[in-house]
Amino acid sequence: MLITVSKQGDEGFGSLQAALDSIPRGHKSEVTIRIKPGVYEEKITVGPEAPPILLLGEDSQLTILSWSDNAHTLGPDGEPLGTFRSGTLNVFAENFTAENLTIRNTSGPGTGQAVAAFVDAGRAVFRRVSLLGDQDTLYTGCGKQYYHECYIEGDVDYIFGAATALFDRCHLHNKRSRGYITAASTPEGEPFGYVFLDCRITGAEGVSEVYLGRPWRPHAHVAFIRTQMDASIIGEGWHNWGQPDREQTSRYEEFSSSGPGANPAARAAWSRQLTDKEAAEYRVITVLDGWHPEGY
(Lines give C-alpha, C1' and ligand atoms only; values in the text may rest on other atoms or scores of the structure.)
Protein backbone atom coordinates (compact mmCIF):
# COMPACT_ATOMS: atom_id res chain seq x y z
CA MET A 1 0.00 0.00 0.00
CA LEU A 2 1.29 3.45 -0.96
CA ILE A 3 -0.12 6.61 0.63
CA THR A 4 0.97 10.17 -0.16
CA VAL A 5 0.98 13.09 2.23
CA SER A 6 1.26 16.62 0.86
CA LYS A 7 1.32 19.85 2.82
CA GLN A 8 -0.37 21.60 -0.09
CA GLY A 9 -3.21 19.09 0.07
CA ASP A 10 -3.04 18.60 -3.68
CA GLU A 11 -2.25 14.90 -3.40
CA GLY A 12 -3.37 12.30 -0.89
CA PHE A 13 -3.64 13.51 2.70
CA GLY A 14 -2.72 16.88 4.14
CA SER A 15 -1.86 15.34 7.53
CA LEU A 16 0.48 12.47 8.36
CA GLN A 17 -1.72 11.34 11.24
CA ALA A 18 -4.73 11.28 8.94
CA ALA A 19 -2.77 9.09 6.53
CA LEU A 20 -1.85 6.68 9.33
CA ASP A 21 -5.43 6.58 10.57
CA SER A 22 -6.64 5.68 7.06
CA ILE A 23 -4.88 2.28 7.10
CA PRO A 24 -7.61 -0.37 7.38
CA ARG A 25 -7.71 -2.21 10.68
CA GLY A 26 -6.20 -5.67 10.27
CA HIS A 27 -4.01 -4.67 7.28
CA LYS A 28 -0.82 -6.78 7.53
CA SER A 29 1.44 -5.94 4.60
CA GLU A 30 3.91 -3.06 4.49
CA VAL A 31 2.58 0.48 4.05
CA THR A 32 4.77 3.17 2.52
CA ILE A 33 3.74 6.74 3.33
CA ARG A 34 5.46 9.14 0.97
CA ILE A 35 5.76 12.56 2.60
CA LYS A 36 6.26 15.48 0.26
CA PRO A 37 8.35 18.48 1.40
CA GLY A 38 6.82 20.81 3.96
CA VAL A 39 6.58 21.48 7.69
CA TYR A 40 3.96 19.21 9.26
CA GLU A 41 3.06 20.69 12.63
CA GLU A 42 1.30 17.82 14.33
CA LYS A 43 1.80 15.27 17.08
CA ILE A 44 2.01 11.83 15.47
CA THR A 45 1.40 8.34 16.83
CA VAL A 46 2.11 5.04 15.08
CA GLY A 47 0.10 2.61 17.19
CA PRO A 48 1.02 -0.94 18.23
CA GLU A 49 -1.59 -2.40 15.87
CA ALA A 50 0.04 -0.82 12.79
CA PRO A 51 1.49 -3.02 10.03
CA PRO A 52 5.11 -2.47 8.96
CA ILE A 53 5.32 1.26 8.23
CA LEU A 54 7.82 3.19 6.09
CA LEU A 55 7.71 6.98 6.42
CA LEU A 56 9.54 8.15 3.32
CA GLY A 57 10.48 11.80 2.98
CA GLU A 58 11.87 13.29 -0.19
CA ASP A 59 14.52 15.43 1.51
CA SER A 60 15.49 15.39 5.20
CA GLN A 61 16.08 19.15 5.21
CA LEU A 62 12.73 19.99 3.62
CA THR A 63 10.42 17.34 5.08
CA ILE A 64 9.87 18.25 8.74
CA LEU A 65 7.65 16.79 11.45
CA SER A 66 7.36 19.35 14.23
CA TRP A 67 5.65 19.84 17.61
CA SER A 68 6.48 21.60 20.90
CA ASP A 69 5.18 19.61 23.88
CA ASN A 70 7.37 19.25 26.96
CA ALA A 71 7.01 17.43 30.28
CA HIS A 72 5.21 20.44 31.79
CA THR A 73 2.69 20.90 28.98
CA LEU A 74 -0.82 20.26 30.25
CA GLY A 75 -2.60 17.35 28.58
CA PRO A 76 -6.32 16.97 27.83
CA ASP A 77 -6.84 15.82 31.43
CA GLY A 78 -5.35 19.03 32.79
CA GLU A 79 -2.29 17.22 34.14
CA PRO A 80 1.32 17.70 32.93
CA LEU A 81 2.18 15.33 30.10
CA GLY A 82 5.47 14.17 31.62
CA THR A 83 8.45 13.10 29.57
CA PHE A 84 6.90 10.03 28.01
CA ARG A 85 3.92 11.86 26.48
CA SER A 86 5.89 14.83 25.15
CA GLY A 87 7.03 13.25 21.87
CA THR A 88 6.50 14.73 18.43
CA LEU A 89 6.68 11.29 16.74
CA ASN A 90 5.57 8.37 18.92
CA VAL A 91 6.23 4.88 17.57
CA PHE A 92 4.75 1.75 19.17
CA ALA A 93 4.61 -0.48 16.06
CA GLU A 94 6.48 -3.77 15.84
CA ASN A 95 8.24 -2.85 12.57
CA PHE A 96 8.90 0.76 11.66
CA THR A 97 11.19 2.64 9.27
CA ALA A 98 11.73 6.36 8.67
CA GLU A 99 13.91 7.81 5.93
CA ASN A 100 14.87 11.29 4.73
CA LEU A 101 13.01 13.26 7.42
CA THR A 102 13.56 15.82 10.14
CA ILE A 103 11.75 15.19 13.42
CA ARG A 104 11.93 18.03 15.91
CA ASN A 105 10.63 19.24 19.23
CA THR A 106 10.64 23.03 19.33
CA SER A 107 9.88 23.44 23.04
CA GLY A 108 13.31 25.04 23.41
CA PRO A 109 16.22 25.00 25.87
CA GLY A 110 15.44 25.21 29.55
CA THR A 111 11.84 24.02 29.20
CA GLY A 112 12.58 20.55 30.56
CA GLN A 113 12.21 17.14 28.95
CA ALA A 114 10.88 17.47 25.42
CA VAL A 115 11.10 14.38 23.22
CA ALA A 116 11.36 14.60 19.43
CA ALA A 117 11.12 10.84 18.73
CA PHE A 118 9.65 8.39 21.26
CA VAL A 119 10.53 4.96 19.87
CA ASP A 120 9.07 2.01 21.76
CA ALA A 121 9.07 -0.53 18.94
CA GLY A 122 10.20 -4.11 18.41
CA ARG A 123 12.34 -3.19 15.39
CA ALA A 124 12.89 0.37 14.26
CA VAL A 125 15.11 1.81 11.52
CA PHE A 126 16.00 5.46 10.93
CA ARG A 127 18.03 6.34 7.84
CA ARG A 128 19.20 9.87 7.06
CA VAL A 129 16.89 11.34 9.71
CA SER A 130 17.61 14.52 11.69
CA LEU A 131 16.39 14.46 15.30
CA LEU A 132 16.30 17.97 16.75
CA GLY A 133 15.68 19.01 20.32
CA ASP A 134 17.33 19.93 23.60
CA GLN A 135 16.72 17.73 26.67
CA ASP A 136 15.70 14.10 25.95
CA THR A 137 15.61 14.42 22.15
CA LEU A 138 15.48 10.66 21.42
CA TYR A 139 13.85 8.04 23.64
CA THR A 140 14.76 4.45 22.77
CA GLY A 141 12.28 2.45 24.81
CA CYS A 142 12.63 -1.18 23.86
CA GLY A 143 13.52 -3.68 21.16
CA LYS A 144 16.28 -3.38 18.56
CA GLN A 145 16.84 -0.03 16.86
CA TYR A 146 19.15 1.03 14.03
CA TYR A 147 20.14 4.60 13.11
CA HIS A 148 22.13 5.11 9.91
CA GLU A 149 23.67 8.43 8.86
CA CYS A 150 21.39 10.33 11.25
CA TYR A 151 21.96 13.73 12.84
CA ILE A 152 20.99 13.93 16.52
CA GLU A 153 21.33 17.06 18.64
CA GLY A 154 20.56 18.05 22.21
CA ASP A 155 21.95 19.15 25.54
CA VAL A 156 21.01 16.84 28.46
CA ASP A 157 20.53 13.05 28.19
CA TYR A 158 19.50 13.55 24.60
CA ILE A 159 19.73 9.83 23.76
CA PHE A 160 18.12 7.82 26.54
CA GLY A 161 16.34 4.54 27.23
CA ALA A 162 16.60 0.76 27.50
CA ALA A 163 16.68 -0.44 23.89
CA THR A 164 19.60 -2.05 22.13
CA ALA A 165 20.34 0.73 19.64
CA LEU A 166 23.10 0.86 17.05
CA PHE A 167 24.16 4.24 15.65
CA ASP A 168 26.01 3.75 12.37
CA ARG A 169 27.93 6.73 10.94
CA CYS A 170 25.77 9.23 12.81
CA HIS A 171 26.54 12.83 13.76
CA LEU A 172 25.90 13.83 17.39
CA HIS A 173 25.84 17.55 18.21
CA ASN A 174 26.16 19.02 21.70
CA LYS A 175 24.25 22.26 22.21
CA ARG A 176 25.17 23.12 25.80
CA SER A 177 28.18 22.92 28.10
CA ARG A 178 28.24 20.43 30.98
CA GLY A 179 25.60 18.27 29.34
CA TYR A 180 25.32 14.53 28.70
CA ILE A 181 24.91 12.71 25.39
CA THR A 182 23.53 9.38 26.65
CA ALA A 183 21.48 8.18 29.60
CA ALA A 184 21.18 4.45 29.01
CA SER A 185 18.93 2.22 31.11
CA THR A 186 20.10 -1.09 29.65
CA PRO A 187 18.38 -4.01 31.44
CA GLU A 188 20.59 -6.31 33.47
CA GLY A 189 21.87 -9.21 31.39
CA GLU A 190 21.49 -7.51 27.98
CA PRO A 191 24.78 -7.88 26.06
CA PHE A 192 24.44 -4.51 24.30
CA GLY A 193 22.85 -1.14 25.03
CA TYR A 194 24.00 1.79 22.89
CA VAL A 195 26.69 1.14 20.28
CA PHE A 196 28.11 3.97 18.18
CA LEU A 197 30.05 2.83 15.10
CA ASP A 198 32.18 5.29 13.10
CA CYS A 199 30.25 8.30 14.38
CA ARG A 200 31.19 11.97 14.83
CA ILE A 201 30.63 14.24 17.82
CA THR A 202 30.66 18.04 17.55
CA GLY A 203 29.75 20.90 19.84
CA ALA A 204 28.30 24.34 19.23
CA GLU A 205 30.69 27.28 19.55
CA GLY A 206 31.99 27.58 23.09
CA VAL A 207 30.44 24.32 24.29
CA SER A 208 32.67 22.29 26.60
CA GLU A 209 32.74 19.68 29.39
CA VAL A 210 30.12 17.43 27.83
CA TYR A 211 30.01 13.84 29.08
CA LEU A 212 29.60 10.86 26.77
CA GLY A 213 27.05 9.41 29.16
CA ARG A 214 25.70 8.76 32.63
CA PRO A 215 23.82 5.67 33.84
CA TRP A 216 20.07 6.21 34.08
CA ARG A 217 19.87 2.68 35.48
CA PRO A 218 22.60 0.59 37.15
CA HIS A 219 23.47 -1.67 34.20
CA ALA A 220 23.84 0.99 31.50
CA HIS A 221 25.96 -0.10 28.53
CA VAL A 222 27.41 2.34 25.99
CA ALA A 223 30.26 1.76 23.53
CA PHE A 224 31.85 4.29 21.17
CA ILE A 225 33.79 2.54 18.40
CA ARG A 226 36.06 4.63 16.11
CA THR A 227 34.27 7.88 16.98
CA GLN A 228 35.64 11.34 16.12
CA MET A 229 35.22 13.62 19.15
CA ASP A 230 35.77 17.35 19.16
CA ALA A 231 36.89 19.45 22.14
CA SER A 232 33.37 19.67 23.59
CA ILE A 233 33.94 16.26 25.26
CA ILE A 234 35.33 16.38 28.79
CA GLY A 235 38.49 14.36 29.47
CA GLU A 236 36.82 12.21 32.13
CA GLY A 237 34.26 11.13 29.53
CA TRP A 238 31.77 9.43 31.85
CA HIS A 239 29.69 10.52 34.87
CA ASN A 240 28.26 8.26 37.59
CA TRP A 241 25.11 10.39 38.13
CA GLY A 242 26.18 10.93 41.73
CA GLN A 243 25.83 7.22 42.48
CA PRO A 244 29.26 5.62 42.94
CA ASP A 245 27.76 2.12 43.16
CA ARG A 246 26.85 2.36 39.46
CA GLU A 247 30.54 2.47 38.64
CA GLN A 248 30.59 -1.23 39.48
CA THR A 249 27.69 -2.24 37.25
CA SER A 250 27.75 0.14 34.28
CA ARG A 251 29.72 -0.81 31.17
CA TYR A 252 31.20 2.23 29.44
CA GLU A 253 33.57 1.42 26.60
CA GLU A 254 35.59 3.04 23.82
CA PHE A 255 37.79 1.87 21.00
CA SER A 256 40.02 3.99 18.77
CA SER A 257 38.39 7.33 19.55
CA SER A 258 40.02 10.24 17.72
CA GLY A 259 40.10 14.02 17.83
CA PRO A 260 40.58 16.54 20.67
CA GLY A 261 37.87 14.88 22.79
CA ALA A 262 39.56 11.47 22.68
CA ASN A 263 41.63 11.24 25.84
CA PRO A 264 41.97 7.65 27.10
CA ALA A 265 44.51 8.59 29.77
CA ALA A 266 42.04 10.98 31.40
CA ARG A 267 38.95 8.78 31.17
CA ALA A 268 37.07 7.69 34.27
CA ALA A 269 38.92 4.74 35.80
CA TRP A 270 35.76 2.63 35.79
CA SER A 271 35.38 2.89 31.99
CA ARG A 272 37.24 0.63 29.58
CA GLN A 273 39.27 0.88 26.39
CA LEU A 274 38.46 -2.21 24.32
CA THR A 275 41.09 -4.43 22.75
CA ASP A 276 41.19 -5.06 19.00
CA LYS A 277 39.63 -8.48 19.53
CA GLU A 278 36.82 -7.12 21.70
CA ALA A 279 36.06 -4.28 19.28
CA ALA A 280 35.83 -6.73 16.38
CA GLU A 281 32.68 -8.16 17.97
CA TYR A 282 30.89 -4.84 17.59
CA ARG A 283 29.23 -5.45 14.23
CA VAL A 284 25.67 -4.65 13.18
CA ILE A 285 24.53 -8.26 12.93
CA THR A 286 26.08 -9.16 16.29
CA VAL A 287 24.79 -6.17 18.25
CA LEU A 288 21.30 -6.59 16.80
CA ASP A 289 21.29 -10.35 17.52
CA GLY A 290 21.19 -11.65 13.96
CA TRP A 291 18.93 -8.94 12.55
CA HIS A 292 20.50 -6.95 9.75
CA PRO A 293 18.25 -3.94 9.11
CA GLU A 294 19.68 -3.34 5.64
CA GLY A 295 17.82 -6.49 4.63
CA TYR A 296 14.49 -5.25 5.99
Is the shortest side-chain N to carboxylate O distance from [X] to [Y] below 4.0 Å?
X      : Y      : answer
Arg25  : Glu49  : no
Asp69  : Lys43  : yes
Glu99  : Arg128 : yes
Asp230 : Arg200 : no
Glu254 : Arg267 : yes
Lys175 : Asp155 : no
Arg272 : Glu253 : yes

Distance-only side-chain donor-acceptor flag, Ser60 / Asn100, under 3.5 Å:
no

Please determine, by modelled atom types, if Tyr146 and Asp168 share a side-chain donor-acceptor pair under 3.5 angstrom.
yes

Any side-chain heavy-atom pair from [X] and [Y] closer than 4.5 angstrom?
X      : Y      : result
Leu20  : Gln17  : yes
Val207 : Arg176 : no
Arg283 : Thr286 : yes
Asp289 : Lys144 : yes
Leu212 : Ile233 : yes
Ile181 : Val210 : yes
Leu101 : Leu55  : yes

Where do Arg104 and Ser66 land on the side chain to side chain donor-acceptor pair (under 3.5 Å) test, with the steps shown first?
CA-CA 5 Å; Arg104 71 187 185 191; Ser66 182; 2.8 Å; yes

Using the side chain to side chain contact (heavy atoms under 4.5 Å, CB included) rule, pick out the option among Asp134, Thr111, Val115 that qualifies with Asn70.
Thr111

Apply the side chain to side chain contact (heavy atoms under 4.5 Å, CB included) test between Cys142 and each candidate in Thr164, Val119, Asp120; give the one that qualifies.
Asp120

Report the distance from atom CD1 of Ile152 to atom CD1 of Ile103, rounding to the nearest 0.5 Å.
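CD1 of Ile103 is found 10.0 Å from CD1 of Ile152.
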
At what distance, to the nearest 0.5 angstrom, does OG1 of Thr137 lie from CG of Leu132?
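Result: 8.0 Å between the selected atoms.
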
Residue pair [X] / [Y]: nearest heavy atoms and the distance that separates them:
X      : Y      : answer
Glu42  : Leu16  : OE2-N, 2.8 Å
His171 : Thr202 : NE2-OG1, 2.7 Å
Trp291 : Arg123 : CD1-NH1, 3.4 Å
Leu274 : Phe255 : O-CD1, 3.3 Å
Ile3   : Ser22  : CD1-OG, 3.8 Å
Ala162 : Ser185 : N-OG, 3.2 Å

Before giving the answer on side chain to side chain donor-acceptor pair (under 3.5 Å), spell out for Arg246 and Thr249 the whole-Å C-alpha distance, their side-chain angles and the decisive distance to 0.1 Å.
CA-CA 5 Å; Arg246 295 192 178 180; Thr249 54; over 6 Å; no

Decide yes or no on salt bridge (charged side-chain N to carboxylate O under 4.0 Å, His left out) for Glu209 and Arg178, but give the supporting numbers first.
CA-CA 5 Å; Glu209 298 183 332; Arg178 293 172 293 282; 3.5 Å; yes

In terms of the angle between their ring planes, are [X] and [Y] parallel, tilted or perpendicular, with boundaries placed at 30° and 60°?
X      : Y      : answer
Trp238 : Tyr252 : parallel
Phe84  : Phe160 : parallel
Tyr194 : Phe167 : perpendicular
Phe192 : Tyr282 : perpendicular

Checking [X] side chain against [Y] main chain: does a donor-acceptor pair fall under 3.5 Å?
X      : Y      : answer
Glu278 : Thr275 : yes
Asn90  : Ile44  : yes
Thr4   : Lys36  : no
Glu153 : Leu172 : no

Would you please name every residue forming a side-chain contact (heavy atoms from CB on, under 4.5 Å) with Ser29, sequence neighbours left out?
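By the side-chain contact (heavy atoms from CB on, under 4.5 Å) rule, Ser29 matches His27.
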
Let me check something: do Leu288 and Leu197 share a hydrophobic cluster, defined by ILVMFWY side-chain heavy atoms less than 4.5 Å apart, either directly or through other members?
yes

Check the pair His221, Ser250 against side chain to side chain donor-acceptor pair (under 3.5 Å), reporting the backbone distance first and the verdict last.
CA-CA 6 Å; His221 173 247; Ser250 300; over 6 Å; no

Gln8 CD: over 12 foreign heavy atoms closer than 6.0 Å
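More than 12 within 6.0 Å, yes.
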
